[in-house]
Peer 1: 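Would you mind keeping the following structure in view while I ask a few things?
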Amino acid sequence: MVILYIDMDYFFAACEQLKNPELKGKVVVIGTNKEDNKMKGVVQTANYEARKYGIKSGIPTKDAYKLYKDLVYLEADEPYYEKTSKTIMDMLKGYGFPVEQESIDEAALDLGDVGYEKGIGIGKEIKKRINNETNLPCTVGISFGKTFAKMACESSKPDGFGIVTENEITDFLKTKPVKALPGIGPKTEEKLKILRINTIGDLSDSDPLLLKEKLGIVGIELYNLSNGIDKSKVVEFEEVLSIGRERTLNEETTDVTVIKNMISELSKEVFEESAKKNFWFKDVGIKVRYADFTQATKSKTLNHYSSSEEEIERIGAVLIKELMNKNNKKIRKVGVRISSLMKGNSQKRLIV
DNA sequence: CAATCGCTTCACT
DNA sequence: CTAACGAGTGAAGCGATTG
(Lines give C-alpha, C1' and ligand atoms only; values in the text may rest on other atoms or scores of the structure.)
Protein backbone atom coordinates (compact mmCIF):
# COMPACT_ATOMS: atom_id res chain seq x y z
CA MET A 1 0.00 0.00 0.00
CA VAL A 2 1.36 3.41 -0.99
CA ILE A 3 -0.21 6.60 0.32
CA LEU A 4 0.60 10.01 -1.06
CA TYR A 5 0.04 13.03 1.13
CA ILE A 6 -0.01 16.54 -0.31
CA ASP A 7 0.10 19.61 1.89
CA MET A 8 0.31 23.15 0.57
CA ASP A 9 2.98 25.31 2.22
CA TYR A 10 1.73 28.28 4.28
CA PHE A 11 -1.30 28.12 2.01
CA PHE A 12 -3.26 31.28 2.85
CA ALA A 13 -0.13 33.43 2.87
CA ALA A 14 1.08 31.84 -0.36
CA CYS A 15 -2.27 32.63 -1.99
CA GLU A 16 -1.97 36.24 -0.89
CA GLN A 17 1.53 36.46 -2.32
CA LEU A 18 0.17 35.12 -5.57
CA LYS A 19 -2.50 37.83 -5.65
CA ASN A 20 0.00 40.48 -4.71
CA PRO A 21 3.61 39.60 -5.62
CA GLU A 22 4.87 42.66 -3.77
CA LEU A 23 4.31 40.73 -0.57
CA LYS A 24 7.08 38.30 -1.46
CA GLY A 25 9.98 38.55 0.95
CA LYS A 26 7.90 40.46 3.48
CA VAL A 27 6.68 39.21 6.84
CA VAL A 28 3.05 38.28 6.17
CA VAL A 29 0.38 37.17 8.61
CA ILE A 30 -3.21 36.12 7.91
CA GLY A 31 -5.27 36.73 11.02
CA THR A 32 -8.55 35.31 12.28
CA ASN A 33 -10.11 38.72 12.68
CA LYS A 34 -10.98 41.72 10.59
CA GLU A 35 -8.46 44.54 10.49
CA ASP A 36 -10.45 46.69 12.92
CA ASN A 37 -10.16 44.28 15.84
CA LYS A 38 -7.12 42.34 14.76
CA MET A 39 -5.44 42.67 18.14
CA LYS A 40 -8.16 40.49 19.68
CA GLY A 41 -7.46 37.63 17.31
CA VAL A 42 -4.74 35.12 16.62
CA VAL A 43 -2.52 34.25 13.69
CA GLN A 44 -4.04 31.75 11.32
CA THR A 45 -1.17 31.46 8.84
CA ALA A 46 2.30 32.98 8.77
CA ASN A 47 4.68 32.84 5.83
CA TYR A 48 8.21 31.58 6.27
CA GLU A 49 9.65 35.06 6.64
CA ALA A 50 7.32 35.50 9.62
CA ARG A 51 8.19 32.10 11.04
CA LYS A 52 11.82 33.17 11.21
CA TYR A 53 10.74 35.61 13.89
CA GLY A 54 8.78 32.98 15.82
CA ILE A 55 5.41 33.97 14.41
CA LYS A 56 3.25 30.89 13.84
CA SER A 57 -0.35 29.70 13.73
CA GLY A 58 -2.24 30.13 16.94
CA ILE A 59 -0.26 32.86 18.62
CA PRO A 60 -2.06 36.09 19.55
CA THR A 61 -1.77 38.69 16.85
CA LYS A 62 -0.57 41.25 19.34
CA ASP A 63 2.32 38.94 20.22
CA ALA A 64 3.12 38.65 16.53
CA TYR A 65 3.45 42.42 16.42
CA LYS A 66 5.77 42.26 19.39
CA LEU A 67 7.95 39.81 17.49
CA TYR A 68 7.99 41.91 14.34
CA LYS A 69 6.35 45.32 14.42
CA ASP A 70 6.33 45.94 10.66
CA LEU A 71 4.50 42.79 9.65
CA VAL A 72 1.86 42.86 6.93
CA TYR A 73 -1.51 41.91 8.41
CA LEU A 74 -4.17 40.55 6.07
CA GLU A 75 -7.76 39.42 6.49
CA ALA A 76 -8.52 35.96 5.16
CA ASP A 77 -9.96 35.87 1.63
CA GLU A 78 -11.74 32.56 1.97
CA PRO A 79 -13.49 32.51 -1.40
CA TYR A 80 -10.14 32.88 -3.13
CA TYR A 81 -8.54 30.10 -1.07
CA GLU A 82 -11.54 27.85 -1.71
CA LYS A 83 -11.29 28.42 -5.43
CA THR A 84 -7.58 27.68 -5.47
CA SER A 85 -8.15 24.64 -3.31
CA LYS A 86 -10.77 23.30 -5.70
CA THR A 87 -8.42 23.63 -8.66
CA ILE A 88 -5.85 21.55 -6.81
CA MET A 89 -8.32 18.95 -5.54
CA ASP A 90 -9.82 18.52 -9.00
CA MET A 91 -6.40 17.93 -10.42
CA LEU A 92 -5.69 15.29 -7.77
CA LYS A 93 -8.99 13.55 -8.44
CA GLY A 94 -8.07 13.42 -12.12
CA TYR A 95 -5.55 10.68 -11.37
CA GLY A 96 -8.34 8.25 -10.63
CA PHE A 97 -7.08 7.10 -7.23
CA PRO A 98 -9.21 7.47 -4.12
CA VAL A 99 -8.67 10.99 -2.74
CA GLU A 100 -9.45 12.20 0.74
CA GLN A 101 -9.54 15.94 1.20
CA GLU A 102 -8.25 16.44 4.74
CA SER A 103 -8.67 20.19 4.86
CA ILE A 104 -8.67 23.16 2.54
CA ASP A 105 -5.02 22.60 1.69
CA GLU A 106 -4.29 18.94 2.38
CA ALA A 107 -5.19 15.71 0.65
CA ALA A 108 -4.28 12.03 0.75
CA LEU A 109 -4.26 9.70 -2.26
CA ASP A 110 -4.42 5.94 -1.93
CA LEU A 111 -2.23 4.60 -4.71
CA GLY A 112 -2.97 1.01 -3.75
CA ASP A 113 -0.24 -1.48 -4.61
CA VAL A 114 1.63 0.46 -7.29
CA GLY A 115 4.86 0.16 -5.30
CA TYR A 116 7.17 2.92 -4.10
CA GLU A 117 8.94 3.48 -7.37
CA LYS A 118 5.79 4.30 -9.28
CA GLY A 119 4.39 6.14 -6.28
CA ILE A 120 7.39 8.42 -6.17
CA GLY A 121 7.00 9.09 -9.89
CA ILE A 122 3.36 10.06 -9.46
CA GLY A 123 4.19 12.16 -6.41
CA LYS A 124 6.93 14.06 -8.23
CA GLU A 125 4.62 14.70 -11.15
CA ILE A 126 1.85 15.99 -8.90
CA LYS A 127 4.21 18.28 -7.08
CA LYS A 128 5.49 19.67 -10.35
CA ARG A 129 2.00 20.14 -11.73
CA ILE A 130 0.82 21.98 -8.64
CA ASN A 131 3.84 24.27 -8.88
CA ASN A 132 3.32 24.82 -12.60
CA GLU A 133 -0.43 25.18 -12.69
CA THR A 134 -1.03 27.22 -9.54
CA ASN A 135 2.34 28.80 -8.87
CA LEU A 136 2.05 27.66 -5.27
CA PRO A 137 4.57 25.64 -3.29
CA CYS A 138 3.63 22.33 -1.71
CA THR A 139 5.19 19.38 0.04
CA VAL A 140 4.53 15.73 -0.72
CA GLY A 141 4.91 12.78 1.63
CA ILE A 142 4.88 9.09 0.79
CA SER A 143 4.53 6.12 3.08
CA PHE A 144 2.58 2.92 3.63
CA GLY A 145 -0.09 4.54 5.80
CA LYS A 146 -1.96 7.83 5.75
CA THR A 147 -0.66 9.07 9.09
CA PHE A 148 2.93 8.20 8.25
CA ALA A 149 2.59 9.83 4.83
CA LYS A 150 1.36 12.95 6.57
CA MET A 151 4.32 12.86 8.92
CA ALA A 152 6.74 12.28 6.04
CA CYS A 153 5.20 15.32 4.43
CA GLU A 154 5.35 17.44 7.57
CA SER A 155 8.99 16.66 8.18
CA SER A 156 9.97 17.69 4.66
CA LYS A 157 8.37 21.12 4.66
CA PRO A 158 8.59 23.51 2.95
CA ASP A 159 8.72 22.71 -0.76
CA GLY A 160 9.86 19.18 -0.02
CA PHE A 161 9.35 15.55 -0.85
CA GLY A 162 9.56 12.93 1.90
CA ILE A 163 9.54 9.16 1.70
CA VAL A 164 9.31 6.76 4.62
CA THR A 165 9.14 3.04 3.89
CA GLU A 166 8.38 0.12 6.17
CA ASN A 167 12.11 -0.41 6.65
CA GLU A 168 12.69 3.19 7.65
CA ILE A 169 9.70 3.82 9.89
CA THR A 170 11.29 2.81 13.21
CA ASP A 171 14.27 5.12 12.78
CA PHE A 172 12.04 7.85 11.40
CA LEU A 173 9.83 7.80 14.47
CA LYS A 174 12.00 6.97 17.43
CA THR A 175 13.80 10.25 18.06
CA LYS A 176 10.88 12.53 17.22
CA PRO A 177 8.97 14.21 20.06
CA VAL A 178 5.52 12.73 20.70
CA LYS A 179 4.02 16.00 19.49
CA ALA A 180 5.06 15.04 15.97
CA LEU A 181 2.27 12.46 15.91
CA PRO A 182 -0.92 13.90 14.43
CA GLY A 183 -3.50 14.08 17.19
CA ILE A 184 -1.07 14.86 19.98
CA GLY A 185 -1.47 18.45 21.04
CA PRO A 186 -0.37 20.35 24.15
CA LYS A 187 -2.68 18.48 26.53
CA THR A 188 -1.73 14.97 25.53
CA GLU A 189 1.89 15.97 25.35
CA GLU A 190 1.69 17.14 28.95
CA LYS A 191 0.00 13.93 30.13
CA LEU A 192 2.70 11.86 28.44
CA LYS A 193 5.43 14.02 29.90
CA ILE A 194 4.19 13.15 33.38
CA LEU A 195 4.66 9.49 32.44
CA ARG A 196 8.20 10.35 31.28
CA ILE A 197 7.26 9.72 27.71
CA ASN A 198 8.88 12.39 25.59
CA THR A 199 9.79 10.77 22.29
CA ILE A 200 7.85 8.43 20.05
CA GLY A 201 10.51 5.87 20.94
CA ASP A 202 9.55 6.25 24.62
CA LEU A 203 5.95 5.74 23.59
CA SER A 204 6.71 2.50 21.78
CA ASP A 205 8.49 1.19 24.88
CA SER A 206 5.65 2.12 27.21
CA ASP A 207 2.86 -0.06 28.60
CA PRO A 208 -0.19 0.01 26.32
CA LEU A 209 -2.49 -0.73 29.24
CA LEU A 210 -1.19 2.31 31.09
CA LEU A 211 -1.73 4.42 27.97
CA LYS A 212 -5.26 3.11 27.69
CA GLU A 213 -5.91 4.01 31.29
CA LYS A 214 -4.52 7.54 30.97
CA LEU A 215 -5.63 8.45 27.45
CA GLY A 216 -8.49 6.12 26.60
CA ILE A 217 -8.81 4.67 23.11
CA VAL A 218 -6.47 7.34 21.77
CA GLY A 219 -3.73 5.77 23.88
CA ILE A 220 -3.94 2.50 21.99
CA GLU A 221 -3.88 4.22 18.61
CA LEU A 222 -0.82 6.18 19.65
CA TYR A 223 0.85 3.03 20.88
CA ASN A 224 0.25 1.34 17.54
CA LEU A 225 1.55 4.31 15.58
CA SER A 226 4.66 4.52 17.74
CA ASN A 227 5.34 0.91 16.82
CA GLY A 228 5.03 1.51 13.12
CA ILE A 229 1.45 0.31 12.82
CA ASP A 230 -0.72 2.75 10.88
CA LYS A 231 -4.34 1.70 10.51
CA SER A 232 -5.62 4.98 9.12
CA LYS A 233 -7.41 4.72 5.80
CA VAL A 234 -8.02 7.09 2.93
CA VAL A 235 -11.75 7.78 3.10
CA GLU A 236 -13.08 9.41 -0.05
CA PHE A 237 -16.36 10.76 1.21
CA GLU A 238 -15.88 11.91 4.75
CA GLU A 239 -19.26 13.03 6.00
CA VAL A 240 -19.82 16.40 7.58
CA LEU A 241 -21.01 15.97 11.15
CA SER A 242 -21.75 19.52 12.16
CA ILE A 243 -21.82 23.11 10.98
CA GLY A 244 -21.12 25.95 13.37
CA ARG A 245 -20.26 29.62 13.67
CA GLU A 246 -18.87 31.42 16.64
CA ARG A 247 -17.84 34.99 17.18
CA THR A 248 -16.23 37.14 19.81
CA LEU A 249 -18.32 40.13 20.82
CA ASN A 250 -17.00 43.66 20.52
CA GLU A 251 -17.03 43.86 24.27
CA GLU A 252 -17.78 41.52 27.12
CA THR A 253 -21.36 41.86 28.23
CA THR A 254 -24.32 40.49 30.13
CA ASP A 255 -26.78 42.35 27.89
CA VAL A 256 -29.35 39.84 26.63
CA THR A 257 -30.19 41.92 23.59
CA VAL A 258 -26.61 42.03 22.38
CA ILE A 259 -26.22 38.31 22.90
CA LYS A 260 -29.48 37.48 21.17
CA ASN A 261 -28.59 39.62 18.21
CA MET A 262 -25.36 37.73 17.85
CA ILE A 263 -27.21 34.42 18.12
CA SER A 264 -29.49 35.57 15.30
CA GLU A 265 -26.58 36.59 13.13
CA LEU A 266 -24.77 33.30 13.70
CA SER A 267 -27.97 31.29 13.21
CA LYS A 268 -28.41 32.94 9.87
CA GLU A 269 -24.89 32.10 8.78
CA VAL A 270 -25.18 28.52 9.96
CA PHE A 271 -28.48 28.18 8.15
CA GLU A 272 -27.05 29.58 4.93
CA GLU A 273 -24.13 27.21 5.09
CA SER A 274 -26.40 24.22 5.67
CA ALA A 275 -28.84 25.29 2.97
CA LYS A 276 -25.98 25.66 0.50
CA LYS A 277 -24.94 22.09 1.22
CA ASN A 278 -28.51 20.88 1.30
CA PHE A 279 -28.43 19.61 4.87
CA TRP A 280 -31.24 19.00 7.30
CA PHE A 281 -30.42 18.93 10.99
CA LYS A 282 -31.80 17.41 14.17
CA ASP A 283 -29.60 19.05 16.82
CA VAL A 284 -29.09 22.70 17.66
CA GLY A 285 -26.45 23.81 20.14
CA ILE A 286 -24.97 26.98 21.48
CA LYS A 287 -21.74 27.77 23.23
CA VAL A 288 -20.55 30.68 25.29
CA ARG A 289 -17.15 31.70 26.47
CA TYR A 290 -17.22 33.86 29.56
CA ALA A 291 -14.89 36.72 30.34
CA ASP A 292 -12.84 34.36 32.52
CA PHE A 293 -12.41 32.08 29.48
CA THR A 294 -14.39 29.21 30.92
CA GLN A 295 -16.85 27.74 28.45
CA ALA A 296 -20.31 26.27 28.57
CA THR A 297 -22.46 24.63 25.94
CA LYS A 298 -26.08 23.68 25.70
CA SER A 299 -27.83 21.71 23.02
CA LYS A 300 -31.22 20.38 22.12
CA THR A 301 -32.21 17.41 20.01
CA LEU A 302 -35.37 17.91 18.02
CA ASN A 303 -37.88 15.14 17.46
CA HIS A 304 -37.64 15.74 13.71
CA TYR A 305 -35.19 16.82 11.05
CA SER A 306 -35.46 20.49 10.24
CA SER A 307 -34.19 22.89 7.61
CA SER A 308 -35.60 26.04 9.11
CA GLU A 309 -33.57 29.10 9.94
CA GLU A 310 -36.26 30.22 12.34
CA GLU A 311 -35.88 26.98 14.25
CA ILE A 312 -32.14 27.43 14.76
CA GLU A 313 -32.67 30.95 15.97
CA ARG A 314 -35.60 30.12 18.22
CA ILE A 315 -33.86 27.22 19.95
CA GLY A 316 -30.68 29.23 20.19
CA ALA A 317 -32.59 31.94 22.02
CA VAL A 318 -34.13 29.45 24.46
CA LEU A 319 -30.80 27.79 25.18
CA ILE A 320 -28.92 31.03 25.74
CA LYS A 321 -31.61 32.13 28.16
CA GLU A 322 -31.21 28.94 30.16
CA LEU A 323 -27.49 29.45 30.23
CA MET A 324 -27.69 33.09 31.25
CA ASN A 325 -30.14 32.36 34.02
CA LYS A 326 -27.61 30.12 35.68
CA ASN A 327 -25.14 32.91 36.35
CA ASN A 328 -24.55 36.41 35.18
CA LYS A 329 -20.92 36.29 34.30
CA LYS A 330 -19.90 38.53 31.45
CA ILE A 331 -19.90 36.80 28.10
CA ARG A 332 -17.05 37.22 25.66
CA LYS A 333 -17.98 34.97 22.78
CA VAL A 334 -20.97 32.98 21.56
CA GLY A 335 -21.44 30.20 19.05
CA VAL A 336 -24.25 28.36 17.26
CA ARG A 337 -23.93 24.86 15.86
CA ILE A 338 -26.19 22.32 14.17
CA SER A 339 -25.46 18.61 14.07
CA SER A 340 -27.05 15.21 13.39
CA LEU A 341 -27.09 16.20 9.76
CA MET A 342 -28.80 14.52 6.85
CA LYS A 343 -28.74 15.33 3.18
CA GLY A 344 -32.12 16.85 2.40
CA ASN A 345 -32.68 15.14 -0.93
CA SER A 346 -36.19 14.33 -2.05
CA GLN A 347 -35.44 10.62 -1.72
CA LYS A 348 -35.13 10.64 2.04
CA ARG A 349 -37.50 12.92 3.86
CA LEU A 350 -37.42 11.18 7.18
CA ILE A 351 -39.83 12.27 9.87
CA VAL A 352 -38.99 10.58 13.15
C1' DC B 1 -28.11 -3.02 27.53
C1' DA B 2 -27.48 -0.54 23.34
C1' DA B 3 -28.59 3.82 21.26
C1' DT B 4 -29.13 8.48 21.94
C1' DC B 5 -28.52 12.89 24.41
C1' DG B 6 -26.08 16.67 26.46
C1' DC B 7 -21.89 18.42 27.38
C1' DT B 8 -16.76 18.85 27.73
C1' DT B 9 -12.24 18.40 25.86
C1' DC B 10 -8.91 18.54 22.44
C1' DA B 11 -6.44 19.44 18.09
C1' DC B 12 -5.63 21.88 14.35
C1' DT B 13 -4.78 26.33 11.26
C1' DC C 1 11.72 31.62 30.72
C1' DT C 2 7.22 30.52 31.68
C1' DA C 3 2.55 31.26 32.02
C1' DA C 4 -0.73 32.85 29.89
C1' DC C 5 -6.29 35.35 28.96
C1' DG C 6 -6.41 34.48 21.83
C1' DA C 7 -10.17 32.95 17.18
C1' DG C 8 -12.75 29.90 14.85
C1' DT C 9 -13.81 25.31 13.21
C1' DG C 10 -14.78 20.70 13.93
C1' DA C 11 -14.41 15.81 15.76
C1' DA C 12 -14.13 12.69 19.55
C1' DG C 13 -14.98 11.08 24.08
C1' DC C 14 -17.75 10.22 28.06
C1' DG C 15 -21.20 9.89 31.61
C1' DA C 16 -26.25 10.11 31.99
C1' DT C 17 -30.56 9.00 30.23
C1' DT C 18 -33.91 6.33 27.92
C1' DG C 19 -36.65 2.89 25.53
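Below, chains carry the letters A, B, ... as their sequence lines are ordered, and counting in each starts from 1. Fair warning: this is a prediction, and the values are worked out from it, not measured in the lab.
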Peer 1: What contact category does A:E106 fall into here, base, sugar-phosphate, or nothing, at under 4.0 angstrom with non-hydrogen atoms?
Peer 2: sugar-phosphate

Peer 1: B:dC10, OP1 or OP2 - any side-chain N/O from A:K191 closer than 4.0 Å?
Peer 2: yes

Peer 1: Would you say the side-chain atoms of A:T199 and A:D202 include a donor-acceptor pair closer than 3.5 Å?
Peer 2: yes

Peer 1: I need the CG-P distance between A:L181 and B:dC10, as an integer number of Å.
Peer 2: 18 Å

Peer 1: Taking A:K40 for the side chain and A:N33 for the main chain, is one N or O donor matched with an acceptor at less than 3.5 Å?
Peer 2: no

Peer 1: Please tell me if A:R289 has a side-chain N or O lying less than 4.0 Å from either OP1 or OP2 of C:dG6.
Peer 2: no

Peer 1: To the nearest angstrom, how far is A:Q295 atom CD from B:dG6 atom P?
Peer 2: 19 Å

Peer 1: Any side-chain N or O of A:T248 below 4.0 angstrom from OP1/OP2 of C:dG8?
Peer 2: yes

Peer 1: Within residues 154-163 of chain A, which residues have any heavy atom lying less than 4.0 Å from an atom of DNA chain B?
Peer 2: none

Peer 1: Could you state the atom-to-atom distance from NZ of A:K300 to C1' of B:dT4 in whole Å?
Peer 2: 13 Å

Peer 1: When the ring centroid of A:Y305 is compared with that of A:F281, is the distance short of 6.0 Å?
Peer 2: no

Peer 1: For the side chain of A:D159 and the backbone of A:P137, is there at least one donor-acceptor N/O pair under 3.5 Å apart?
Peer 2: no

Peer 1: Holding to ring pair (Phe, Tyr, Trp, His ring centres under 6.0 Å), I want the full list of residues that pass it with A:F148, two or more places apart in sequence or in another chain.
Peer 2: A:F144

Peer 1: Expressed as a whole number of angstroms, how long is the span from A:K179:NZ to B:dA11:C1'?
Peer 2: 9 Å

Peer 1: With respect to the phosphate group of B:dG6, does any side-chain polar atom (N or O) of A:T301 fall under 4.0 Å of OP1 or OP2?
Peer 2: yes

Peer 1: Is it the case that A:S85 and A:E82 place a side-chain donor and acceptor less than 3.5 Å from each other?
Peer 2: no

Peer 1: Measuring from the side chain of A:R332 (C-beta onward, heavy atoms only), which nucleotide among B:dT13, C:dG6, B:dA11 has the closest atom?
Peer 2: C:dG6

Peer 1: Near DNA chain B, under 4.0 Å by heavy atom, which residues of residues 21-41 of chain A?
Peer 2: none

Peer 1: Using a 6.0 Å cut-off, check whether atom NZ of A:K157 has over 12 heavy atoms from anything other than its own residue.
Peer 2: yes

Peer 1: Across the strands shown, which category fits A:A296 at heavy-atom distances under 4.0 angstrom: base, sugar-phosphate, nothing?
Peer 2: sugar-phosphate

Peer 1: Does B:dG6 have OP1 or OP2 under 4.0 Å away from a side-chain N or O of A:T297?
Peer 2: no

Peer 1: Does the side chain of A:E49 come under 3.5 Å of the side chain of A:Y10 through a donor N or O and an acceptor N or O?
Peer 2: no

Peer 1: Say you draw a straight line from CG of A:N20 to CG of A:L74; how long is it, rounded to the nearest 0.5 Å?
Peer 2: 8.0 Å

Peer 1: Between B:dG6 atom P and A:K298 atom NZ, what is the distance in whole Å?
Peer 2: 9 Å

Peer 1: Among the candidates C:dG6, B:dT13, B:dC7, find the nucleotide nearest to the side-chain atoms of A:K150.
Peer 2: B:dT13

Peer 1: Hey, is the main chain of A:T165 close enough, under 3.5 Å, to the side chain of A:E168 for a donor-acceptor pair?
Peer 2: yes

Peer 1: Apply the test side chain to side chain donor-acceptor pair (under 3.5 Å) to residues A:T301 and A:D283: give CA-CA distance (whole Å), side-chain angles for both, the deciding distance (0.1 Å), then the verdict.
Peer 2: CA-CA 4 Å; A:T301 302; A:D283 275 288; 2.5 Å; yes

Peer 1: Tell me whether A:Q101 contacts the main-chain N or O of A:S103 through its side chain, where contact means a donor paired with an acceptor under 3.5 Å.
Peer 2: yes

Peer 1: Inspect the contact between A:K150 and A:E106 and indicate whether a charged nitrogen and a carboxylate oxygen are less than 4.0 angstrom apart.
Peer 2: yes

Peer 1: Rounded to whole angstroms, how far apart are CD on A:E190 and C1' on B:dT9?
Peer 2: 16 Å

Peer 1: Would you give a per-nucleotide map of nucleotides 10-19 of chain C, 5' to 3', where B means the base has a protein non-hydrogen atom under 4.0 Å away, S means only the sugar-phosphate does, and - means neither?
Peer 2: BSSS------

Peer 1: Cation over ring, A:K330 on A:Y290, under 6.0 Å and within 45°?
Peer 2: no

Peer 1: Please list residues of residues 133-140 of chain A whose heavy atoms come under 4.0 Å from any atom in DNA chain B, ordered by number; otherwise none.
Peer 2: none

Peer 1: Without decimals, in angstroms, what is the distance between A:F11 CZ and B:dT13 C1'?
Peer 2: 12 Å

Peer 1: Surrounding NZ of A:K329 (heavy atoms of other residues, nucleotides or ligands, distance under 6.0 Å), is the total greater than 12?
Peer 2: yes

Peer 1: Looking only at side-chain atoms of A:R247, point me to the closest of C:dA7, C:dG8, B:dA11.
Peer 2: C:dG8

Peer 1: Tell me whether A:Q44 contacts the main-chain N or O of A:I30 through its side chain, where contact means a donor paired with an acceptor under 3.5 Å.
Peer 2: no

Peer 1: Mark yes or no for whether A:T32, through its side chain, and A:V42, through its backbone, hold a donor-acceptor pair below 3.5 Å.
Peer 2: yes

Peer 1: OP1 or OP2 of B:dT13 versus the side-chain N and O atoms of A:T45: is any pair under 4.0 Å?
Peer 2: no

Peer 1: Please report the interatomic distance CD1(A:I217) to NZ(A:K212), rounded to the nearest 0.5 Å.
Peer 2: 6.5 Å

Peer 1: Rounding to a whole Å, what distance do you find between A:E322:CD and B:dG6:C1'?
Peer 2: 12 Å

Peer 1: Which of residues 46-79 of chain A sit near DNA chain B, with a heavy atom under 4.0 Å from it?
Peer 2: A:S57, A:G58

